[in-house]
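Right, one structure below, let's go through it.
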Amino acid sequence: MTVLLSTRGLSKHFSGLHAVENVDFDLPAGQIRALIGPNGAGKTTFVGMLCGRITPSAGAVIFDGQDISHLPAHRRIRLGMAYTFQITSVFPGLSVAENVALAARPHLRGEAEVAAAVQDALDRVGLGGRTGQVAGDLSYGHQRLLEIAMGIAQAPRLLILDEPTQGLSDGEIAAFKALIRDLSATTTILLIEHNMSVVMETADMVTVMNFGAILAEGRPEEIRADPAVQAAYLGTDADAGT
Ligand SMILES: Nc1ncnc2c1ncn2[C@@H]1O[C@H](COP(=O)(O)OP(=O)(O)OP(=O)(O)O)[C@@H](O)[C@H]1O
């Protein structure tokens with residue numbers, strides 16, 4: 001098992017609040033890993049430190065054997081990390097295709113290669129027929145899919161998705177599950193997800209965070225059966241069907 005991404009002792013404190021506390025985490029290459037936990041558990045803060053958007057208070061992030069703790073976000077992207085966040089990063093005034101092209105260009109040589117990558121990424125998320133549309137005119141759900149296409153177009157080794165199915169319709173969520181499985185053939189995936197059907201049907205392994213620490217880790221069915229997880233998480237959001 002080759003580990004693609006690790007953290008050791010990773011912590012983030014916001015003026016006394018321990019948002020993430022001493023997290024040791026290992027993500028093997030090729031895996032789909034879901035990161036779940038109640039609101040405020042520290043998931044977004046943790047992932048922000050992986051990507052370089054948030055500076056850790058302590059600890060290390062290791063990507064492909066290299067300590068990247070002090071690399072800025074754009075250097076991490078160049079190493080093969082791509083991420084989409086809850087807050088939309090789409091340029092609303094540009095076309096769908098141009099948004100994806102902006103994400104793809106730094107990774108590819110020549111406009112023909114970029115155009116092919118753009119079309120492929122949009123086809124994979126189901127937006128292949130909307131290349132010319134102004135991105136700001138897309139529905140919220142389609143803008144989330146566009147963000148995923150922007151991640152895919154970078155041909156990342158690690159794709160980090162923060163609540164990608166938020167705002168998607170049932171049909172779009174079903175397509176998203178298939179997309180994730182398809183992508184996992186070539187990309188390691190870390191997925192922050194509140195929708196438990198997405199977690200249960202796509203993840204190889206699940207990491208549960210609570211109060212800034214890892215509460216449990218295991219296969220989806222093990223996590224579903226874990227009483228501590230049920231108490232912390234599954235009894236709340238999941239039962240509410242979110
Ligand atoms: N910039 C910040 N300044 C102060 N506190 C913060 C900041 N960012 C996050 N926090 C706090 O850190 C804790 C962890 O937040 P975080 O957003 O990482 O949780 P989360 O698990 O992603 O939650 P959600 O599922 O609601 O997105 C929360 O108590 C939050 O209020």
Side-chain angles (χ1 to χ4, degrees), residues 5-27 32-61 68-70 72-73 76 81-90 140-141 143-145 147-148 151 158-168 173 176-177 180 189-203 205-218 220 223-224 226 228-242:
L5 177 87
S6 300
T7 70
R8 290 293 175 266
L10 198 63
S11 304
K12 181 66 184 180
H13 304 158
F14 294 110
S15 51
L17 173 79
H18 292 200
V20 174
E21 183 61 17
N22 204 20
V23 169
D24 292 345
F25 175 83
D26 288 303
L27 178 56
I32 304 176
R33 175 73 61 95
L35 182 60
I36 69 171
N39 292 330
K43 305 177 298 293
T44 298
T45 304
F46 176 69
V47 163
M49 291 191 283
L50 302 181
C51 301
R53 293 168 82 236
I54 296 175
T55 307
S57 305
V61 180
I68 60 164
S69 310
H70 301 289
R76 300 185 197 201
M81 293 173 73
Y83 46 89
T84 69
F85 280 99
Q86 288 163 307
I87 297 161
T88 181
S89 56
V90 166
Y140 178 76
Q143 291 197 27
R144 302 307 316 268
L145 293 173
E147 282 190 314
I148 296 169
L158 173 63
L159 180 61
I160 301 175
L161 302 167
D162 193 347
E163 298 194 27
T165 64
Q166 203 183 42
L168 298 192
I173 289 174
F176 174 80
K177 291 173 187 167
I180 288 297
I189 295 170
L190 178 60
L191 182 68
I192 298 181
E193 184 56 70
H194 281 294
N195 182 314
M196 292 311 295
S197 85
V198 174
V199 171
M200 293 298 157
E201 290 174 41
T202 63
M205 293 282 285
V206 181
T207 298
V208 187
M209 285 187 78
N210 199 20
F211 298 116
I214 293 181
L215 173 70
E217 219 159 48
I223 291 300
R224 198 206 297 264
D226 186 324
V229 175
Q230 287 170 3
Y233 184 81
L234 295 175
T236 55
D237 279 351
D239 281 358
T242 55

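Note that ligands are numbered from 1 as they come in the structure, with each ligand's atoms numbered from 1 the same way. Computed from a prediction, not measured in an experiment: that's the story for all the values here. Numbers here are sequence positions counted from 1. Computation of the quantities below employed the complete heavy-atom set of this structure, encompassing side-chain atoms and omitting hydrogens, waters and symmetry-equivalent molecules.
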Would you say the side-chain atoms of S69 pair up with the backbone N or O of V61, donor to acceptor, closer than 3.5 Å? yes

With respect to atom 26 (O) of ligand 1, which of L35, N39, I54 exhibits the smallest heavy-atom separation? N39

Rounded to the nearest 0.5 Å, how far apart are CD1 of I160 and CD1 of I192? 8.5 Å

Taking atom types as modelled and ignoring hydrogens, do the side chains of S197 and K177 form a donor-acceptor contact shorter than 3.5 angstrom? yes

May I ask you to check if ligand 1 and A41 share an N or O to N or O distance below 3.5 Å? yes

For A19, atoms of ligand 1 separated by under 4.0 Å from a heavy atom: 12 (O), 13 (C)

Any atom of ligand 1 sitting under 4.0 Å from a heavy atom of G42? yes

Check whether the side chains of S6 and D26 place a donor and an acceptor atom closer than 3.5 Å, and report yes or no. yes

Going by the closest heavy atom to atom 15 (O) of ligand 1, which one wins out of T45, T44, V20? T45

Donor-acceptor pair, distance only, cut-off 3.5 Å: does the side chain of K43 make one with the backbone of V208? no

For G40, is at least one N or O under 3.5 Å away from an N or O on ligand 1? yes

Could you check whether any heavy atom of H194 sits closer than 4.0 Å to an atom of ligand 1, since that is the contact criterion I want to use? yes

N or O pair under 3.5 Å between L17 and ligand 1: no

Pairing residues for R33 by the salt bridge (Lys or Arg N to Asp or Glu O under 4.0 Å) criterion, not counting sequence neighbours: E217

